[in-house]
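Presented below is the structure to which this report refers.
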Amino acid sequence: MAKNITPKEQDYSQWYLDVIKVGELADYAPVRGCMVVRPTGYAIWEMIQKYFDDAFKETGHVNASFPLLIPQSFLSKEAEHVEGFAPECAVVTHAGGEELEEPLIVRPTSETVIGYMYSKWVQSWRDLPILINQWCNVMRWEKRPRLFLRTSEFLWQEGHTAHATKEEAIEETKKMLEVYRRIMQDYLALPVIPGEKTDGEKFPGADNTYTCETMMSDKKALQAGTSHFLGQNFAKAFEIQFQNKDGEMEFAYTTSWGISTRLIGALIMTHSDNDGLILPPKIAPTKAVIVPISTNDEKMEKEIMPKADELKQKLNAVLGGRYIQIDTQFHMRPGDRFFSHLQKGVPVRLELGEKEFASGKLRVVRRDTGEKFDVTWANIEQELPVLLENIQNSLLEKARNFRIENTHEATTLEEFKEILEKEGGFIEVYFGGTKEDEKKIKELTGATPRCYPLDESEKRGKCFFTGAENSRKAIFAKSY
RNA sequence: CGGGAUGUAGCGCAGUCUGGUUAGCGUACCUGCUUUGGGAGCAGGGGGUCGUCGGUUCGAAUCCGACCAUCCCGACCA
């Protein structure tokens, strides 16, 4: 068995890699910057997908599939978009043994090819809105890859919608941001801050970008999901036009929004400890593991295992899925068996040994706190769901408190620098600067604007950097 | 693409400066016995073209050169 993860204070990235390793989540692929998501990691991704697909049913979005390869010329049709993405595109120049007339790019995102298709699909105001989502892989040749957080190829969900009016498109952008916030908070136990991106941080080609920002356990910020209001930029580039009720031609308003396997990275970096992964129950593919223990083979076979099976059936029925696993690693000693599940982040361990069997109980152990107590077989059906709920809430609370403790206010650049050096974390300021000011602040301090928080969008004050009055409330931090 | 570092068994490393039997250690893995409720003990065993290519030499993991790859700090970003 692997030993503890024992990171040094400054060795955060090694700790992160160790958690991924002991959790058996992912490996490096043979291609630089690419990731192999192992079954345990993929199961988490499937849980995330499930919650989003459920949400899409409520919001009226449907899934579809668009091509992996996009003609290079498509990218150039939107000026900001090509500038933002061209440097990181993988390009296919040969196929079928010949050089292609026009190179193809491996999609870094699908606004262009979907915009092209939408232009063919939309004629009348009756064709709108189009509410489509796609689950797929995309490729961005980033300079510095990092497992889950920034891999060359990553899995994601990209929603692309087209609307007849600006108001409706903006509403859609905010609606999806709220879906993100809710799922991240309620299921992944990530206390995110929804907000609007600054000019310097918004998506290439968007009028506005909204984001869910969250704090990792090293106090750095991570952008967990974004929702973009694209205005008519892509509609004009790809001629998504429709005839309105008055018979006039109009360009549509489009949106796009996405979350990626980065969320798994966020999960790891928010909740894990030095023993490995800690998964919030709602996102854990295995919510509890039953560990039958006995040195007596006959007793194991005839009494303990049948009881374990019975409990598994009952608990699965209560939880409404196949969420309970029975540990059958009988070649291992009990301590090793416990530890293997602990490292993988299984929220609850249910020990069924000879002692428990004799008294009709289970020894219940929480992954997040290590707390242990006994519950009778009769009561476990009621108590497990409550316990899982408690763990879920307590992980969210813990992460939220951590963020609050590590959020400070600054009114001047000096204060800003001092906080960043001494404490790190999020810094709340009033900011009224330009893209260029953002750049200067980054050069001076290493921190970037994360967002203008939506919850405090009414607040106004004096900019800590330019001194401009009536500036918006913003959060700055060092980020991934 | 700049600055720094590193490539030796699945993982973590020693050996390199000062070239010399069959390349070592910890851990993981396999077998056996003893153990068995928070991460085992003893014994035996398998696994390496020492990143790649070239050079120097009687002889290279070790010296020289080129290349490749990875990691960290930047720039870039979901």
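Atom set for the values below is all heavy atoms of this structure, side chains included, hydrogens, waters and symmetry mates excluded. Proteins come first, then strands; the chains are lettered A, B, ... in the order of their sequence lines, and each starts at number 1.
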Could you tell me whether F74(A) and Y116(A) have their ring centroids closer than 6.0 angstrom?
yes
Using ring centroids (six-membered ring only for Trp), state whether Y253(A) and H163(A) fall under 6.0 Å.
no
H81(A) NE2 - A78(B) P separation (whole Å)
11 Å
Taking NZ, NE, NH1 and NH2 as the nitrogens, is one of them in E142(A) or R150(A) under 4.0 Å from a carboxylate oxygen of the other?
no
Answer with base, sugar-phosphate or nothing: what part of the nucleic acid does L263(A) contact at a heavy-atom distance below 4.0 Å?
nothing
For RNA chain B, just give me the dot-bracket, please: Watson-Crick or G-U, both distances below 3.5 Å, ( ) intra-strand, [ ] crossing earlier pairs, | paired with another strand, . unpaired.
((((((((.[[[[.)....(...]]]].((((((.....)))))).....[[[[[..)....]]]]])))))))....
Please report the distance, rounded to the nearest Å, between CH2 in W141(A) and P in A78(B).
18 Å
Specify the separation, in whole Å, of atom CZ of R337(A) and atom P of A40(B).
14 Å
Atom pairs under 3.5 Å: protein N/O with N/O of nucleotides 30-37 of chain B:
| from | atom 1 | to | atom 2 | distance (Å) |
| --- | --- | --- | --- | --- |
| U35(B) | O2 | R333(A) | NH1 | 3.4 |
| G37(B) | O6 | E354(A) | N | 2.7 |
| G37(B) | O6 | K355(A) | N | 3.0 |
| G37(B) | N1 | E356(A) | OE1 | 2.5 |
| G37(B) | N1 | E356(A) | OE2 | 3.3 |
| G37(B) | N2 | E351(A) | OE1 | 2.9 |
| G37(B) | N2 | E356(A) | OE1 | 3.1 |
| G37(B) | N2 | E356(A) | OE2 | 2.6 |

Applying a 4.0 Å non-hydrogen cut-off, can you work out what K442(A) is touching in the nucleic acid: base, sugar-phosphate, or nothing?
sugar-phosphate
RNA chain B: K21(A) or W156(A), which has the more 5' nearest nucleotide?
K21(A)
Close aromatic pair by centroid cut-off 6.0 Å: Y118(A) and H160(A):
no
